[in-house]
Amino acid sequence: MNWLGAVLAVCVLVSSAHCANSAIEWCYHEPGCNDTTWPTRVPQFCNGNRQSPINIVSASAQVDTNLTTFTMVNYDTYSLKTITHTGRTVKVSFNSGVSIRGGGLPGAYDGLQFHLHWGNGSSVPGSEHTVNGKRYPMELHIVHIKSIYGGNTTQAIADGTGLAAFGFLIEEMPGDNTGQPAAWNILSSYLSKIPNSDNSIAVTDNISLNDLIPGVNTAKYYRYLGSLTTPNCNEAVVWTVFKDTVKVSKDVIDKFSNVVYVTNSSSPLVVNNYRDLMPALSVTTSSTAKTCYSLGLMALTILLGRF
Ligand SMILES: *[C@@H]1O[C@H](CO)[C@@H](O)[C@H](O)[C@H]1NC(C)=O
Ligand SMILES: *[C@@H]1O[C@H](CO)[C@@H](O)[C@H](O)[C@H]1NC(C)=O
Ligand SMILES: *[C@@H]1O[C@H](CO)[C@@H](O)[C@H](O)[C@H]1NC(C)=O
Ligand SMILES: *[C@@H]1O[C@H](CO)[C@@H](O)[C@H](O)[C@H]1NC(C)=O
Ligand SMILES: *[C@@H]1O[C@H](CO)[C@@H](O)[C@H](O)[C@H]1NC(C)=O
Ligand SMILES: *[C@@H]1O[C@H](CO)[C@@H](O)[C@H](O)[C@H]1NC(C)=O
Ligand SMILES: [Zn+2]
């Protein structure tokens with residue numbers, strides 16, 4: 001049985017509810033269902049004109065002073081609830097109470113889940129967004145839904161700003177590190193506990209979202225209006241891609257592409273689970289870093305000019 005057949009069988013036998021979420025079957029690498037076929041399979045969305053992911057060209061990103069800092073509620077509490085192997089990624093749901101506002105978003109959004117995209121080990125990068133043409137080893141997506149929809153994703157995907165997604169680019173931690181950061185190491189230890197597609201397990205360790213993004217200044221980010229990066233590709237996402245990367249040690253990055261199988265250990269490993277780049281879109285950027293720098297430079301220029 002091929003990959004698609006296997007996925008279809010699992011869908012039919014194991015979890016019709018899970019599969020009912022996606023109107024079509026899709027995949028990353030098999031003929032007939034890979035991302036080159038999505039625009040014809042879901043023409044109303046995947047063939048649209050604000051599709052994600054994109055390459056972000058930093059020099060073309062206009063500064064928007066409306067892109068203020070975020071208020072991130074319960075990013076500092078142990079909010080991870082359940083980790084699920086979806087057959088295409090692993091995703092983690094949250095206890096209620098995670099939310100974000102500010103950051104130029106039109107209102108408040110509640111945390112729904114996070115999931116990951118990866119390549120094939122740290123040397124074959126698999127982030128979805130690229131910055132100035134560079135693809136990173138992995139990308140963490142934290143997905144939030146506009147609070148007014150009370151968790152109803154049907155309503156959210158019908159709104160051009162119904163979802164707010166955070167993209168964090170993962171980079172290999174320099175030096176001779178293993179098992180770092182600790183929260184990532186613990187998270188990756190769950191992968192072997194959900195070996196088969198549709199397996200789920202409660203997250204019993206104390207991990208906060210902030211623990212997963214150490215060292216990231218969340219005031220520095222790119223913003224554009226795009227889409228879901230998987231079918232049905234709904235154009236309902238306010239994207240925030242952070243400029244600072246998350247540094248994760250090589251052994252932890254490698255685990256994702258070495259431990260997660262498409263259906264079970266007799267099927268292929270989940271690797272390169274990212275969508276190809278879509279055409280460029282208008283990107284804006286928060287101004288914090290640039291402003292501080294140019295103000296500092298201005299002060300220096302004045303001082304030098306005076307003395
Ligand atoms: C693994 O999945 C395949 C379908 O991909 C299935 O035919 C096989 O029975 C499964 N093996 C186990 C041990 O569950
Ligand atoms: C993707 O699907 C298309 C259309 O079926 C096929 O021509 C192409 O070979 C596939 N690519 C891969 C990598 O499977
Ligand atoms: C910033 O927000 C104001 C008020 O909502 C709006 O009028 C203005 O167009 C926004 N600026 C940009 C660059 O989007
Ligand atoms: C992923 O990397 C492993 C080890 O380098 C290699 O054996 C395998 O063929 C790669 N898989 C794909 C799909 O490229
Ligand atoms: C979500 O909203 C849709 C459209 O308004 C509605 O038909 C559906 O019943 C709602 N679902 C839930 C679970 O409330
Ligand atoms: C998690 O934190 C709680 C208190 O907040 C503590 O009682 C519990 O032992 C911790 N669990 C682990 C696995 O560290
Ligand atoms: Zn994603």
Side-chain angles (χ1 to χ4, degrees), residues 1-15 21-22 25-28 30 35 38 46 51-54 74 76-81 84-93 95 111-119 126-130 135-136 138-145 153 157 163-170 182-183 185-187 189-190 193-199 201-208 211-212 226-234 236-242 256 260-270 272-278:
M1 194 187 287
N2 69 20
W3 206 92
L4 174 62
V7 172
L8 280 169
V10 168
C11 281
V12 171
L13 297 174
V14 177
S15 167
N21 289 334
S22 57
E25 271 315 315
W26 58 273
C27 69
Y28 283 109
E30 289 296 301
D35 63 0
W38 302 352
C46 299
Q51 289 290 296
S52 297
I54 58 168
N74 279 324
D76 56 349
T77 62
Y78 303 138
S79 57
L80 276 51
K81 189 178 179 187
T84 304
H85 179 324
T86 72
R88 295 153 182 139
T89 184
V90 288
K91 80 174 176 199
V92 175
S93 64
N95 298 312
L112 267 185
Q113 49 109 326
F114 76 72
H115 61 268
L116 295 149
H117 300 269
W118 59 84
S127 68
E128 294 216 292
H129 290 96
T130 61
R135 194 180 296 282
Y136 289 81
M138 297 180 71
E139 187 167 335
L140 164 66
H141 286 162
I142 308 182
V143 185
H144 311 80
I145 180 171
T153 49
I157 59 175
L163 299 169
F166 281 176
F168 293 92
L169 300 164
I170 313 301
N185 196 40
I186 296 168
L187 181 72
S189 73
Y190 280 86
K193 301 175 184 172
I194 46 171
N196 301 332
S197 172
D198 283 329
N199 287 168
I201 189 172
V203 178
T204 52
D205 287 277
N206 290 335
I207 304 175
S208 72
D211 291 337
L212 295 171
S227 74
L228 299 178
T229 64
T230 58
N232 292 336
C233 315
N234 305 76
V237 184
V238 183
W239 274 101
T240 302
V241 177
F242 293 94
F256 288 86
V260 185
Y261 291 89
V262 171
T263 51
N264 60 44
S265 59
S266 1
S267 71
L269 287 159
V270 175
N272 302 320
N273 57 352
Y274 63 91
R275 186 188 193 185
D276 281 343
L277 292 172
M278 296 290 110

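For ligands, and for the atoms within them, numbers begin at 1 and follow the listed sequence. Heavy-atom basis, side chains included; hydrogens, waters and symmetry copies ignored.
Counting heavy atoms from C-beta outward, Val262 and Tyr28 have side chains that stay 4.5 Å or more apart.
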Q) Can you list the steps and then say if Phe166 with His144 is a ring-ring contact (aromatic ring centres under 6.0 Å, His included)? A) CA-CA 8 Å; Phe166 281 176; His144 311 80; 4.8 Å; yes
Q. Do Ile142 and Leu212 pass the side-chain contact (heavy atoms from CB on, under 4.5 Å) test, and can you show the C-alpha distance, the side-chain angles, and the key distance before you say yes or no?
A. CA-CA 11 Å; Ile142 308 182; Leu212 295 171; over 6 Å; no
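For Arg88 and Glu25, the salt-bridge test passes: some basic side-chain N is under 4.0 Å from an acidic carboxylate O.
A heavy-atom cutoff of 4.0 Å around ligand 6 is satisfied by the protein residues Asn206.
Not one N or O of Ser267 is nearer than 3.5 Å to an N or O of ligand 1, by distance alone.
Of the residues Glu128, Gln51, His117, the one that meets the side-chain hydrogen bond (donor to acceptor under 3.5 Å, both in side chains) test with Arg275 is Gln51.
Phe256 and Leu116 get closest at one heavy-atom pair: CE2-CD1, 3.4 Å. Of all non-hydrogen atoms in Tyr78 and Asn95, the two that sit nearest each other are O-ND2, 3.5 Å. The shortest heavy-atom contact between Ile207 and Leu80 is O-CD1, 3.6 Å. For the pair Asp205 and Tyr190, the tightest heavy-atom approach, listed with the atom from each and the gap, is OD2-OH, 2.6 Å.
Here the Zn ion (ligand 7) has protein N, O or S atoms under 2.8 Å from it, and they come to 3.
Of the possible donor and acceptor atoms, one in the side chain of Asp211 sits under 3.5 Å from a partner among the backbone N and O of Ser208.
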